[in-house]
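Basis for what follows: all heavy atoms, side chains included, without hydrogens, waters or symmetry-related copies.
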Amino acid sequence: MPAIPSSLLHLKPLFLSLPRFSSPSLALNRARKFPIPIINPRSLSSLSSSSAAAAAAQSTGDNGSGGGRSGALAPPPITEELQKIDVNPPKGTRDFPPEEMRLRTWLFHSFREVSRLFGFEEVDFPVLESEALYIRKAGEEIRDQLYCFEDRGNRRVALRPELTPSLARLVIQKGKSVSLPLKWFAVGQCWRYERMTRGRRREHYQWNMDIIGVPEVTAEAELISSIVTFFKRVGITASDVGFKVSSRKVLQEVLRCYSVPESLFSKVCIIIDKIGKIPVDEIKKDLKSAGVSEEAVDELLQVLSIKSLTKLEEILGGAGEAVADLKQLFSLAEKFGYAEWIEFDASIVRGLAYYTGIVFEGFDREGKLRAICGGGRYDRLLSTFGGDDLPACGFGFGDAVIVELLKDRGLLPELSLQVENIVCALDVDLQGAAARVASILREKSQTVDLVLESKPLKWVFKRAARINAHRLILVGNSEWQRGMVVVKILSSGEQYEVKLDELV
């Protein structure tokens with residue numbers, strides 16, 4: 001970029017040349033009427049020639065129009081009216097000021113601690129992925145919710161709306177270099193352009209736990225156990241939350257009875273997932289439009305209304321995989337100790353096309369919130385990306401709904417700022433000494449808020465109260481000359497001197 005000519009460095013902004021006003025607010029209001037010149041970067045290349053023309057005009061008295069005052073400047077560069085920006089984040093997104101960040105950190109720590117208790121390893125993926133990773137089956141709601149665009153290399157990319165496809169991509173990439181089973185978890189930001197409701201935003205953070213390489217239902221049982229463990233750790237009980245459980249295989253068996261083609265299965269699942277969200281007549285209409293016979297639609301809706309595993313077994317028989325898998329899951333729930341948390345609901349199918357077996361959703365028993373979490377088995381996902389299929393299951397757990405639930409139950413923790421020490425120099429010449437004290441304490445892993453300016457003690461005590469400091473350390477002249485500092489325990493008022501090398 002060309003250097004800015006020295007002649008411009010002496011220009012005085014218009015608002016600094018305003019006459020004095022007795023009222024500061026009046027002066028400010030008058031000042032706002034004068035636009036502040038903004039230099040257009042594209043005009044910088046012509047500034048040198050403009051400066052030369054201005055110098056010539058000063059020496060000849062020519063202002064470019066045949067006359068004028070001696071010393072007149074050349075025309076000013078292109079200016080733009082300075083406008084206020086919207087200080088709110090984009091619709092559907094959030095800022096995290098300190099108090100909100102403390103809550104987020106606590107929640108994510110809880111996610112990570114539970115994952116650690118179950119022997120899972122943490123992974124992460126790019127927020128920006130190839131768009132092709134999320135375009136699987138026609139009709140999936142997620143296709144219409146992508147934040148997608150073409151980058152400067154003419155590649156179609158998208159902000160990730162979920163984490164599971166990225167996980168599948170990484171598993172394929174690693175291939176046989178990793179040993180099975182894989183037990184991985186992630187906490188990452190996801191983006192979906194969707195209608196916002198309570199607990200639903202256009203960006204959210206999601207906790208995922210996935211098990212790759214285990215075909216048995218024990219994997220699903222373990223995953224549900226991990227979520228129950230999380231709920232218990234944050235104070236949520238089985239009277240607050242439950243899990244609705246079913247299997248995609250239930251639908252497969254019903255559709256097979258009516259000779260519905262396998263190719264329609266994913267499309268039917270997407271329609272069924274809308275039960276409870278749109279009228280039943282709309283569901284019937286969509287199923288018929290998809291190619292399902294009227295007789296099959298009626299039978300399907302009757303089966304999907306079943307809330308008892310025993311009743312399902314009476315209709316489908318006990319020999320099929322669907323009933324066998326579900327019975328095993330409920331048996332394992334007894335052994336894990338969370339049987340009271342789960343219930344059978346045949347209408348649960350989940351909206352994503354890749355699920356193949358058991359599916360589940362965590363729900364608020366009062367019915368005020370949307371699904372808290374959800375997951376299931378996806379044994380054929382890897383082949384949709386060109387890899388070899390592996391048995392797999394997992395869940396996604398968003399950060400927004402759980403915070404609303406904890407708020408409703410009065411279970412959100414009070415997370416105020418906590419600092420162990422506040423260090424203050426009593427003389428400006430001792431600022432370096434105070435910095436040394438702070439460094440000594442930090443090397444001992446103690447948190448320190450160092451007062452960086454010369455402030456009265458009244459201000460320091462207010463600051464200490466605001467940050468919940470445990471003790472105040474004062475660096476004064478007489479004490480420092482003796483190699484000591486003053487320590488004041490703020491909770492009790494106890495005060496004493498201590499040698500610098502004994503400060504702990």
Side-chain angles (χ1 to χ4, degrees), residues 13 15 24-41 78-111 124-129 131 134 141-152 157-163 166 186-208 234 277 364 368-373 396-418 463 466-467:
F15 69 90
S25 61
L26 179 58
L28 182 59
N29 289 334
R30 289 290 298 273
R32 286 175 179 157
K33 296 181 180 179
F34 292 86
I36 301 172
I38 305 298
I39 298 174
N40 189 327
I78 298 172
T79 62
E80 298 176 3
E81 191 79 26
L82 188 64
Q83 296 181 349
K84 289 184 177 181
I85 65 165
D86 184 355
V87 297
N88 295 306
K91 189 174 182 180
T93 67
R94 299 165 287 176
D95 290 317
F96 289 91
E99 62 277 8
E100 296 293 334
M101 196 65 194
R102 285 193 289 272
L103 177 61
R104 193 181 97 177
T105 300
W106 167 82
L107 182 64
F108 289 7
H109 176 72
S110 299
F111 290 157
D124 199 6
F125 327 98
V127 174
L128 187 69
E129 287 273 20
E131 183 187 48
Y134 308 107
E141 189 179 39
I142 202 170
R143 289 172 62 100
D144 300 322
Q145 296 174 348
L146 286 178
Y147 278 88
C148 52
F149 57 94
E150 190 173 278
D151 69 9
R152 295 186 180 185
V157 293
L159 296 178
R160 64 187 182 197
E162 55 164 328
L163 300 178
S166 295
V187 180
Q189 191 179 38
C190 300
W191 294 80
R192 292 189 186 188
Y193 193 87
E194 58 183 339
R195 185 176 62 86
M196 292 181 298
T197 59
R198 187 184 179 203
R200 183 196 294 262
R201 296 185 173 90
R202 289 175 178 167
E203 62 81 21
H204 69 281
Y205 285 85
Q206 189 164 297
W207 171 38
N208 274 35
V234 298
K277 303 170 187 175
D364 160 33
K368 294 180 180 179
L369 301 168
R370 63 189 294 257
I372 302 166
C373 58
F397 190 122
D399 69 322
V401 179
I402 184 61
V403 168
E404 294 296 329
L405 180 64
L406 292 170
K407 193 183 299 181
D408 284 353
R409 300 296 189 274
L411 294 171
L412 281 180
E414 292 185 10
L415 301 168
S416 56
L417 178 61
Q418 298 282 343
R463 171 78 178 175
R466 191 180 73 79
I467 65 175

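- A distance of 14.0 Å separates SG of Cys148 from CD of Glu129, quoted to the nearest 0.5 Å.
- In this structure, the side chain of Arg143 does not engage the main chain of Tyr134 through any donor-acceptor pair within 3.5 Å.
- Note that CG of Leu159 and CD of Gln145 are 13.5 Å apart. Values are rounded to the nearest 0.5 Å.
- In this structure, the separation between OG on Ser110 and CD1 on Ile402 is 9.5 Å, given to the nearest 0.5 Å.
- The shortest side-chain heavy-atom distance between Glu162 and Arg192 falls under the 4.5 Å cut-off.
- Qualifying side-chain hydrogen bond (donor to acceptor under 3.5 Å, both in side chains) partners for Thr105, counting only residues two or more places apart in sequence or in other chains: none.
- Proximity of Asp95 to Glu100: side-chain heavy atoms (C-beta onward) are nowhere separated by under 4.5 Å.
- Between Lys407 and Asp364 there is no salt bridge, since no side-chain N of the basic residue sits under 4.0 Å from a carboxylate O of the acidic one.
- Here the closest non-hydrogen pair linking Pro161 and Leu146 is CG-CD2, 3.5 Å.
- Counting only heavy atoms from C-beta outward, the side chains of Lys368 and Leu405 never approach each other to under 4.5 Å.
- By the 6.0 Å contact criterion, CZ on Phe125 is enclosed, its count of non-hydrogen atoms from other residues, nucleotides or ligands being greater than 12.
- In this structure, CZ in Arg104 is found 14.0 Å from CG in Leu415, a value given to the nearest 0.5 Å.
- Expressed to the nearest 0.5 Å, how far CG of Asp399 lies from CD of Glu404 amounts to 10.5 Å.
- Residues forming a salt bridge (Lys or Arg N to Asp or Glu O under 4.0 Å) with Arg463 (at least two apart in sequence, or on another chain): Asp449.
- Residues meeting the side-chain contact (heavy atoms from CB on, under 4.5 Å) test with Thr93, sequence neighbours left out: Pro89, Pro90, Trp191, Glu203.
- Taking the six-membered ring where tryptophan is involved, the planes of Trp207 and Phe111 are essentially parallel, since the angle between them stays under 30° and well short of 60°.
- Heavy-atom minimum distance, Gly188 versus Leu163: N-CD1, 4.0 Å.
- The side-chain heavy atoms of Leu103 and Leu412, taken from C-beta on, include a pair separated by under 4.5 Å.
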